[in-house]
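What you are looking at is a predicted structure, and each value in this text was computed from that prediction instead of being measured. All chains are named by letter (A, B, ...) in the order of the sequence lines, taking the proteins before the strands, and each is independently numbered beginning at 1.
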There are 2 protein chains.
Amino acid sequence: MSEPASIQHLLALRAQGFRMTPQRVAILRVLDECGCHLSPSEIHQRAGEMIPNLTETTVYRNLDFLAQQGLVLIAHVGSGRIVYESAAHHHHHLYCRHCGFSVDINHEELAPLYKHIQDKTGFILDTSHVTFFGVCPQCANKENTKEN
Amino acid sequence: MSEPASIQHLLALRAQGFRMTPQRVAILRVLDECGCHLSPSEIHQRAGEMIPNLTETTVYRNLDFLAQQGLVLIAHVGSGRIVYESAAHHHHHLYCRHCGFSVDINHEELAPLYKHIQDKTGFILDTSHVTFFGVCPQCANKENTKEN
DNA sequence: AGTACTATTGTTATTTTTCACAATAAGGAC
DNA sequence: GTCCTTATTGTGAAAAATAACAATAGTACT
Ligand SMILES: [Mn+2]
Ligand SMILES: [Mn+2]
Ligand SMILES: [Zn+2]
Ligand SMILES: [Zn+2]
């Protein structure tokens with residue numbers, strides 16, 4: 001059977017005493033299928049279609065759990081609120097503070113920095129979804145033209 | 001008078017129509033004096049000693065405002081909850097997922113990456129308090145010795 | 001000092017997120 | 001399949017964070 005990789009990961013966690021509940025599977029599946037950032041309540045809504053009386057509490061708890069196990073990524077995307085995403089592909093984000101326009105940054109760009117920090121501190125870093133902020137070219141232009 | 005730099009910044013904001021309220025000054029002062037990460041409720045508590053009936057709402061609002069204006073920094077420090085800090089010195093953080101041990105990373109370490117991203121994307125980045133996660137040397141050791 | 005304008009505050013209500021605890025069900029052993 | 005252990009769930013309540021709106025008070029101007 002061709003189960004998605006994240007479900008396989010979840011199965012593997014049983015060796016450590018964790019359990020593969022339908023709630024967990026559903027949440028993971030939602031994130032896999034969407035492949036985008038989702039808020040806890042969006043996840044609750046979508047997963048709730050498969051699991052009749054899924055609780056928000058359970059969603060929060062499992063997002064926490066799955067994030068700790070490295071199956072999902074947390075993103076702080078400016079808005080203040082946290083969103084989640086499948087950990088399928090490693091990438092980071094760059095957001096414009098003004099207009100909200102965003103660009104993905106794939107992990108290779110950060111690799112040299114990660115290596116540098118690892119060498120310097122002895123930590124083993126994990127590639128956890130960093131968000132950078134700045135001003136996009138368009139917005140920077142507007143600022144400049146406004147000046148004169 | 002030797003007012004702290006951040007109060008000067010706040011004064012400067014009046015040119016843009018913003019106001020320097022005692023609540024704002026108190027919040028900023030608390031962060032300056034502590035020089036550490038503080039949660040909104042801690043800030044409310046401390047600033048409340050100067051401003052008799054300061055509201056939590058006002059604290060949240062002003063932390064938001066001050067962050068947007070670049071006077072305070074937001075940090076996502078693993079715990080899930082957000083903490084704030086004076087923007088006096090530019091630095092970033094590295095946390096151990098296991099034991100919580102943390103190291104400061106000063107911004108020079110990231111400067112090459114920032115330049116790289118700026119060149120590649122055209123964005124002008126701001127140096128906003130990035131938090132990295134990983135496993136510290138001690139915890140990595142324990143993991144290894146446990147294996148055998 | 002007094003006035004006018006409006007950014008900011010406190011109040012109240014709502015939403016989002018976390019907690020504690022008893023009831024449930026996943027997974028291993030037989 | 002049945003039994004046992006305990007990780008995980010739902011429930012109910014608390015805490016943290018946000019929103020709407022009228023009352024307040026900074027600031028510029030006279
Ligand atoms: Mn992402
Ligand atoms: Mn910091
Ligand atoms: Zn922009
Ligand atoms: Zn550690």
Side-chain angles (χ1 to χ4, degrees), chain A residues 7-30 37-69 71-72 74-84, chain B residues 3 7-30 37-48 50-69 71-72 74-84:
Chain A
I7 302 291
Q8 298 297 344
H9 277 206
L10 197 46
L11 259 159
L13 288 180
R14 289 205 288 209
Q16 295 163 58
F18 298 116
R19 293 177 185 174
M20 193 172 82
T21 66
Q23 292 87 341
R24 238 165 230 181
V25 175
I27 289 168
L28 207 44
R29 196 180 293 278
V30 163
H37 292 170
L38 290 175
S39 71
S41 89
E42 285 169 328
I43 295 166
H44 173 247
Q45 219 165 357
R46 300 191 189 192
E49 288 170 16
M50 317 182 202
I51 310 291
N53 42 11
L54 175 64
T55 309
E56 300 245 21
T57 307
T58 297
V59 173
Y60 279 104
R61 266 188 307 223
N62 276 319
L63 288 172
D64 232 45
F65 169 80
L66 294 169
Q68 275 191 345
Q69 300 304 326
L71 297 192
V72 311
I74 298 176
H76 307 279
V77 181
S79 74
R81 295 256 169 72
I82 284 176
V83 294
Y84 292 84
Chain B
E3 280 292 359
I7 303 291
Q8 298 297 344
H9 277 206
L10 196 46
L11 259 158
L13 288 181
R14 289 204 287 208
Q16 294 163 57
F18 298 117
R19 294 178 185 173
M20 194 172 81
T21 66
Q23 291 88 340
R24 238 165 230 182
V25 175
I27 290 168
L28 207 43
R29 196 180 292 281
V30 163
H37 292 170
L38 289 174
S39 72
S41 89
E42 286 169 327
I43 295 167
H44 172 245
Q45 220 165 358
R46 300 190 189 193
M50 318 182 202
I51 310 291
N53 43 10
L54 175 65
T55 308
E56 301 244 21
T57 307
T58 297
V59 172
Y60 280 106
R61 265 187 308 220
N62 276 320
L63 288 172
D64 232 44
F65 170 81
L66 294 169
Q68 275 191 345
Q69 300 304 327
L71 297 192
V72 311
I74 298 177
H76 307 279
V77 181
S79 76
R81 296 256 169 72
I82 284 176
V83 293
Y84 291 85

> Which pair of non-hydrogen atoms, one from Val59(B) and one from Ile27(B), has the smallest distance, and what is that distance?
Replying inline: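 Nearest heavy atoms, Val59(B) then Ile27(B): CA-CD1, 3.9 Å.
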
>> If I compare all heavy atoms of His37(A) with all of Glu42(A), which pair ends up nearest, and what's the gap?
In response: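 Result for this residue pair: O-OE1, 4.3 Å.
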
> Counting side-chain heavy atoms from CB outward, which of dA17(D), dG27(C), dG10(D) is closest to Asn53(A)?
Replying inline: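 Taking heavy atoms from C-beta onward, the closest nucleotide is dG10(D).
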
> Thr55(A) side chain: which of dT11(D), dT11(C), dA26(C) is closest?
Replying inline: dT11(D)

Rounding to an integer number of Å, can you tell me how far [X] [atom1] sits from [N] [atom2]?
X	N	atom1	atom2	result
Gln69(A)	dA7(D)	CD	C1'	13 Å
Ile43(B)	dA17(D)	CD1	C1'	14 Å
Gln45(B)	dA16(D)	CD	P	11 Å
Leu54(A)	dT24(C)	CG	P	18 Å
Asp64(B)	dA17(D)	CG	C1'	10 Å
Tyr60(B)	dT11(C)	OH	C1'	17 Å
Ile51(A)	dT24(C)	CD1	P	18 Å
Arg81(A)	dA16(D)	CZ	P	16 Å

> Taking the six-membered ring for Trp, are His76(A) and His76(B) parallel (under 30°), tilted (30 to 60°) or perpendicular (over 60°)?
Replying inline: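 The arrangement is parallel - the two ring planes meet at less than 30°.
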
>> Please report the interatomic distance CG(Leu38(A)) to NE2(His44(A)), rounded to the nearest 0.5 Å.
In response: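 Reported value, rounded in 0.5 Å steps: 13.5 Å.
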
Where do N or O atoms of nucleotides 5-8 of chain C meet protein N or O atoms at under 3.5 Å, pair by pair?
{"residue": "dT6(C)", "atom": "O2", "partner": "Arg19(B)", "partner atom": "NH1", "Å": "3.2"}
{"residue": "dT6(C)", "atom": "O2", "partner": "Arg19(B)", "partner atom": "NH2", "Å": "2.9"}
{"residue": "dA7(C)", "atom": "O4'", "partner": "Arg19(B)", "partner atom": "NE", "Å": "3.4"}
{"residue": "dA7(C)", "atom": "O4'", "partner": "Arg19(B)", "partner atom": "NH2", "Å": "3.4"}
{"residue": "dA7(C)", "atom": "N3", "partner": "Arg19(B)", "partner atom": "NH1", "Å": "2.9"}
{"residue": "dT8(C)", "atom": "OP1", "partner": "Arg19(B)", "partner atom": "N", "Å": "3.0"}
{"residue": "dT8(C)", "atom": "OP1", "partner": "Arg24(B)", "partner atom": "NH1", "Å": "2.6"}
{"residue": "dT8(C)", "atom": "OP1", "partner": "Arg24(B)", "partner atom": "NH2", "Å": "3.2"}

> Does the side chain of Leu13(B) come within less than 4.5 Å of Met20(B)'s, by heavy atoms?
Replying inline: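 Sidechains of Leu13(B) and Met20(B): no contact.
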
>> Can you work out whether Pro22(B) or Thr57(B) has the more 5'-proximal nearest nucleotide on DNA chain D?
In response: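 Its nearest nucleotide lies further toward 5', so the answer is Thr57(B).
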
> Does the Thr55(A) side chain pair with the main chain of Thr58(A), one donor and one acceptor, at a distance under 3.5 Å?
Replying inline: no

>> Run the side-chain contact (heavy atoms from CB on, under 4.5 Å) test against Gln45(B) and tell me which residues pass, sequence neighbours left out.
In response: none

